[in-house]
Amino acid sequence: MPPAHPSTAHEVDVRGPRFAAWVTSAVLAFALLTGSGALVALQAAVFAVGALAGLRYAPYGVLFRVLVAPRLGPVREREPEAPPRFAQLVGLVFAVVGAAGYLSGAPLVGAVATGLALVAALLNAATGFCLGCELYLTVRRARPARTA
Amino acid sequence: MDPIGAGALGVALALTAVGTWWLRRRDGAVRGADGERERAATAVLEALGVRPGDADLTVVQFSTAFCGPCRATRARLRQLQATRPGLAHVDVDAVSHLEAVRELGVRRTPTLFYLDRAGRLLGRSSGAPRSDELTALVEEHVAPAGARDGRQV
């Protein structure tokens, strides 16, 4: 039986993912300016933790809970974990391609993939819009129907 | 500084600016429906089991599991239903109805379709609906609780 009020188990403070998106944007912008494949790989690892282990273990989420949240007011709004967690998975795919591009001597591939991840992170940070989440339906739509 | 990366950063910032502008302009805004597609849309929605004849205004919401604003949209509609019993809300899982999703041109979630009692498509919107537009649409088409015959002119 699921709990009567599934309020905390799979929900997060909405400000957490927004904060994480700002940090991600800063990291990816700095990685682009320096052409650092290692930094993109590090961001890929951060995405991987959030996507695979869950947002409560996501490094920027931990940073938010420990350093930022105590300085802000109480939680005003919570959201389900699934959408931002899925977005981390989409971010992971782009960051892996970006890091692989840079580290294998294809800086254009690295820059394009990293740039796309940056657009998604910045849009999320600035407006709350989740590009990764929207891609879910886009991908499912594009694939031919598996079974009726 | 890496020139390729700096170029990519510039393009990324420009794309983000365009995206933000587009979202401000379009996200959640109700668009009207033109005649030809309107009838097709109603037929597709009725095939999904939507019965516009049962309510003054039927809002059909396409959602996915990975959709932040879907839950807030659902909550907002439930809240409106409390004072407007003539408002019906149908939630459709987009991924289990991909055929309809393609036919209706649903690209994002939540996408909402607004049908009047006659089954006419009044409009559609994508993204969390704008509160003022949604309220105006509901007030225009749905009588408040307690009104006679559920209709008020």
Side-chain angles (χ1 to χ4, degrees), chain A residues 11 14 17 25 28-36 40 77-87 89-90 98 102 107-146 148, chain B residues 1-28 47-48 61-76 92-111 126-128 130:
Chain A
E11 292 202 341
V14 292
S25 303
L28 291 174
F30 191 72
L32 279 175
L33 284 177
T34 54
S36 166
V40 181
E77 203 184 332
R78 289 180 171 277
E79 64 178 352
E81 186 199 19
R85 188 169 167 177
F86 180 77
L89 188 65
V90 177
Y102 274 121
L108 187 60
V109 174
V112 169
T114 307
L116 290 173
L118 175 59
V119 171
L122 263 182
L123 265 182
N124 187 224
T127 68
F129 176 73
C130 179
L131 188 61
C133 304
E134 304 285 355
L135 285 177
Y136 176 63
L137 184 61
T138 308
V139 169
R140 295 298 305 264
R141 250 186 75 123
R143 278 206 306 228
R146 293 193 287 191
Chain B
M1 197 172 80
D2 175 42
I4 297 175
L9 177 60
V11 173
L13 290 176
L15 282 175
T16 306
V18 171
T20 305
W21 168 80
W22 185 85
L23 284 169
R24 293 254 154 85
R25 215 174 126 248
R26 291 288 297 275
D27 198 46
L48 288 176
Q61 173 179 349
F62 283 81
S63 306
T64 61
F66 304 118
C67 166
C70 287
R71 192 176 68 160
T73 301
R74 206 172 288 138
R76 177 80 187 114
V92 178
D93 177 37
V95 171
S96 349
H97 299 94
L98 288 174
E99 234 9 85
V101 160
R102 292 191 192 100
E103 282 172 44
L104 294 166
V106 173
R107 291 194 168 72
R108 300 180 46 203
T109 51
T111 287
S126 289
R130 299 174 181 206

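Values in this document were obtained by computation on a predicted structure and should not be read as measured data. Here is how names work: the chains are called A, B, and so on, in the same order as the sequence lines, proteins then strands, and each is numbered from 1.
- If you measure heavy-atom distances from A:T127 to chain B, the contacts under 4.5 Å come from the side chain alone.
- Among A:A31, A:A29, A:P80, the residue with the largest count of heavy-atom pairs under 4.5 Å with chain B is A:P80.
- In this structure the side chain of A:L32 never reaches within 4.5 angstrom of the side chain of B:D2, judged on heavy atoms.
- Both the backbone and the side chain of B:V101 come within less than 4.5 Å of a heavy atom in chain A.
- You'll find the side chain of A:L122 reaches within 4.5 Å of the side chain of B:L13, heavy atoms only.
- Smallest separation of non-hydrogen atoms from A:L123 and B:G19: CD2-C, 3.9 Å.
- Options B:T20, B:D27, B:L9 differ in how many heavy-atom pairs under 4.5 Å they form with chain A, and the most are formed by B:L9.
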Exercise for the section: Check step by step if side-chain contact (heavy atoms from CB on, under 4.5 Å) holds for A:Y136 and B:V95. Expected result: CA-CA 9 Å; A:Y136 176 63; B:V95 171; 3.5 Å; yes

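- Across all their heavy atoms, A:A111 and B:I4 have their closest contact at CB-CG2, 3.6 Å.
- With a 4.5 angstrom heavy-atom cutoff, B:A6 touches chain A via backbone and side-chain atoms both.
- Using bins of under 30°, 30° to 60° and over 60° for the plane-to-plane angle, the ring pair A:F86/B:F66 lands in the parallel bin.
- When all heavy atoms of A:P83 and B:C67 are compared, the closest pair comes out as CG-N, 3.4 Å.
- Rounding to the nearest 0.5 Å gives a distance of 8.0 Å between CG of B:L15 and CG of A:L116.
- Judged by distance alone, the side chain of A:R141 and the main-chain N or O of B:V106 form a donor-acceptor pair under 3.5 Å.
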